[in-house]
Amino acid sequence: MALARIARNGYQQSGGATGRYARVGSMLGEESSSVSKSHSPFSGRFTAFQQNVKPHSSNLPFFSSIGGLPAAALGSRGVRTTPRYEYAHAQAAVEESDSECENLKYPTLEATKPGEKPRVVVIGSGWAACRFLKGLDTKVYDIVCISPRNHMVFTPLLASTCVGTLEFRSVAEPVNQIQTALAKEPNSHFFLASCNDLDTDKREVFCETSTDGGETHRFKVVYDKLVIASGAEPLTFGIKGVEEHAFFLREVPHAQEIRKRLLLNLMLSEYPGMSEEEKERLLHCVVIGGGPTGVEFSGELSDFIMRDVCQRYAHVKNYIQVTLIEANEILSSFDVGLRQYATKHLTKCGVRLVRGVVKEVHPNKIVLSDGSDVPYGLLVWSTGVGPSKFVKSLSLPKAPGGRIGIDDWLRVPSVEDVFAIGDCAGFVEGVGRPVLPALAQVAERQGKYLVELFNRVGKQGGGKASSGKDVPLGDPFVYKHLGSMASVGRYKALVDLRQSKDAKGLSLAGFVSWFIWRSAYLTRVISWRNRFYVAINWATTLVFGRDNSRI
């Protein structure tokens with residue numbers, strides 16, 4: 001015990017951890033030359049009890065390519081998958097038998113001091129979080145963003161990447177480009193990690209990340225204001241085999257895996273000796289869920305089959321098929337006329353629509369509730385989203401459906417200085433408002449409202465912990481639905497501008513709707529550079545077809 005104390009004190013005096021942040025800069029897409037000790041979160045903020053863990057190249061599983069792009073190209077874009085990196089912000093927790101060290105297990109980004117800017121901690125990097133980060137006044141606040149991915153995914157165009165219409169870099173925007181303070185300000189940081197717990201009494205966020213070797217690194221961050229925007233997870237309804245055998249479509253790695261499986265099945269089906277039955281199974285693409293994501297992916301697949309498979313895989317073009325399975329009606333929130341248009345268009349493009357409920361999923365087939373079997377080679381699951389395990393584990397007020405409960409000003413009731421926005425949040429029953437749908441426009445609108453509230457409160461001196469009680473918050477959040485849009489393939493889309501399902505309003509379908517759909521989404525969050533990439537991708541697709549040579 002005495003030897004351990006001596007060794008620990010010797011390490012504290014050596015300051016061994018303060019110089020490693022420069023090596024981490026390149027891993028986070030920053031130029032190491034621009035990183036100084038003043039940028040390091042270790043500069044008097046982390047507790048001194050840290051283990052001297054040196055990163056090795058074998059523990060840094062950099063993304064070698066996305067869609068065949070070289071790593072150098074990716075470095076300039078700053079896009080990486082949900083990782084298990086080892087970096088200086090998260091030091092390994094050390095087991096100590098000395099009772100004096102019980103409270104020092106986790107390295108900690110300590111609370112802000114008098115005279116320093118208040119710290120806003122944001123959990124997540126989705127639509128709500130990035131809209132909030134984009135507008136936050138960095139002259140008033142320091143920002144800490146914690147997320148298992150270092151980019152925002154432009155989900156409406158994610159289905160297009162699965163078949164080569166768009167490249168993966170076109171639908172991802174690095175967080176430190178959305179909010180440049182995360183890369184430039186000395187006391188603002190982006191931490192590539194997952195949050196697993198909160199202590200609202202001590203204002204601490206517990207985080208962890210893992211290396212390829214399975215070693216877990218944990219740390220804590222103390223906040224003045226906390227914004228939870230951790231998103232949601234795909235709903236599986238507890239159906240056996242879904243998580244093991246189905247692909248989801250919510251992240252860039254999901255789209256990559258779908259693209260690889262699709263092209264691999266096309267190539268395998270041409271092997272000599274392949275039976276007719278096996279060819280039909282390998283080339284049967286099944287989509288579960290008739291919402292916007294499922295319909296858009298089915299439409300993209302039908303385009304791919306009609307324009308590319310017939311030319312590049314002529315030997316198996318008659319075997320490939322797309323089946324969309326929905327328990328009720330597809331696009332149930334849209335106008336009746338638009339639903340009929342979508343049904344007719346998808347059927348014309350070769351998509352088989354089946355009404356049924358999945359009972360069980362096996363490696364090569366689906367069992368429906370009526371007992372019938374549906375063989376498949378590719379299974380994409382898109383049946384909506386629900387609360388994540390992290391949200392369920394929090395001891396916070398809950399809204400109907402298991403989301404984090406919020407009031408009219410997006411605050412979490414009975415907890416001070418904690419806010420929640422996006423798919424993880426919903427109004428508590430006492431507010432008297434319905435739970436808003438898990439849509440990008442809802443998340444973005446909440447992020448825009450909350451950042452205006454934060455900027456106003458911060459300028460009035462209410463940014464510090466427990467200091468905003470007497471500052472007026474202004475008008476409560478009001479959501480006005482602007483309509484729904486969905487692509488159905490072949491440069492056709494649906495635009496439903498009604499404010500609710502039973503209200504009256506303008507509805508459009510066809511090429512004009514597709515143009516409106518593309519234009520509306522491209523003007524939201526994607527940068528001008530990404531808009532340029534998307535425009536080039538669309539133009540080359542029209543002229544040369546999809547690029548599926550690089551997976």
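Keep in mind the model is a prediction, meaning the values are calculated, not measured.
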Using the rule given for side chain to side chain contact (heavy atoms under 4.5 Å, CB included), can you reason through C195 versus V205, listing the C-alpha separation, both sets of side-chain angles and the distance that settles it, and then say yes or no?
CA-CA 7 Å; C195 298; V205 180; 3.6 Å; yes
Walk me through whether N176 and N150 qualify under side chain to side chain contact (heavy atoms under 4.5 Å, CB included).
CA-CA 8 Å; N176 60 8; N150 68 344; over 6 Å; no
Let me see the working for F297 and L158 under side chain to side chain contact (heavy atoms under 4.5 Å, CB included), right down to the final yes or no.
CA-CA 9 Å; F297 180 69; L158 196 58; over 6 Å; no
Could you walk me through whether L396 and I228 pass side chain to side chain contact (heavy atoms under 4.5 Å, CB included), step by step?
CA-CA 12 Å; L396 297 176; I228 305 174; 4.0 Å; yes
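We find the CZ-CD1 distance between F191 and I146 to be 7.0 Å, quoted to the nearest 0.5 Å. From F419, atom CZ reaches atom OH of Y449 across 9.0 Å, with rounding to the nearest 0.5 Å. Between the OG1 atom of T383 and the CD1 atom of I239 there is a distance of 7.0 Å, given to the nearest 0.5 Å. Taken from OG in S382 to CD1 in I288, the straight-line distance is 10.0 Å, to the nearest 0.5 Å. In this structure, SG in C162 is found 10.5 Å from CD in E257, a value given to the nearest 0.5 Å. Between M485 atom CE and E296 atom CD the span is 9.5 Å, to the nearest 0.5 Å.
The side-chain heavy atoms of V442 and P437, taken from C-beta on, include a pair separated by under 4.5 Å. Considering only heavy atoms from C-beta on, V391 stays 4.5 Å or farther from R403 through its side chain. Contact annotation: the side chain of L109 never approaches that of F219 to less than 4.5 Å [non-hydrogen atoms, C-beta and beyond]. Residues K184 and T138 fail the side-chain proximity criterion, which asks for heavy atoms closer than 4.5 Å. F477 has its side chain out of reach of I421: every pair of non-hydrogen atoms, C-beta onward, lies at least 4.5 Å apart. In this structure, S484 and P292 have side chains that are not in contact, with every pair of non-hydrogen atoms separated by 4.5 Å or more. Inter-residue side-chain proximity for L198 and I123 is flagged as met; some heavy-atom pair is nearer than 4.5 Å. Annotation: side chain of F248 is in contact with side chain of T236 (closest heavy-atom distance under 4.5 Å).
Residues F132 and W127 keep their aromatic ring centres 6.0 Å or farther apart.
R456 and Q460 share no donor-acceptor pair across their side chains, judged by distance under 3.5 Å alone. Q446 and Y479 share no donor-acceptor pair across their side chains, judged by distance under 3.5 Å alone.
Side-chain atoms of D137 never come within 3.5 Å of backbone atoms of N455 as a donor-acceptor pair (strictly under, hydrogens ignored). No donor-acceptor pair under 3.5 Å is formed between the side chain of R131 and the backbone N or O of A443. Within the 3.5 Å criterion, the main-chain N or O of K480 finds a donor-acceptor partner in the side chain of R445. Panel note: side chain T108, backbone K220; no donor-acceptor pair is recorded below 3.5 Å. Between the R149 side chain and the S125 main chain, a donor and an acceptor come within less than 3.5 Å of each other. Q179 places a side-chain N or O within donor-acceptor distance of the main-chain N or O of A181, the cut-off being under 3.5 Å. Between the side chain of W381 and the backbone N or O of G289, no donor-acceptor pair lies under 3.5 Å. Using modelled atom types, no side-chain atom of K117 and backbone atom of I143 make a donor-acceptor pair closer than 3.5 Å. Formation of a donor-acceptor pair under 3.5 Å by the E116 side chain with backbone atoms of A111 is not found in this model.
For the residue pair G231 and C424, the shortest heavy atom distance occurs at O-CB, 3.4 Å. Residues L133 and C145 share a closest heavy-atom pair of CD1-SG, 3.9 Å. Scanning both residues, G426 and V435, for their nearest heavy atoms gives CA-CG1, 4.4 Å. Of all the heavy atoms in V222 and E204, the pair that sits closest is CG2-CG, 4.0 Å. For the residue pair G461 and S467, the shortest heavy atom distance occurs at O-OG, 3.7 Å. Pairing each heavy atom of G405 with each of V428, the nearest pair is CA-CG1, 3.3 Å.
A salt bridge links D417 to K225: at least one charged side-chain nitrogen sits closer than 4.0 Å to a carboxylate oxygen. Salt-bridge formation is not detected for the pair D142/R119: no Lys NZ or Arg NE/NH1/NH2 atom is positioned less than 4.0 Å from an Asp or Glu carboxylate oxygen.
Put simply, the residue from R203, R411, K202 that forms a salt bridge (Lys or Arg N to Asp or Glu O under 4.0 Å) with E416 is R203.
The aromatic rings of F454 and Y141 lie tilted to each other, with the angle between the two planes from 30° to 60°.
Residue K448 qualifies as open at atom NZ: its count of foreign heavy atoms under 6.0 Å is 12 or below.
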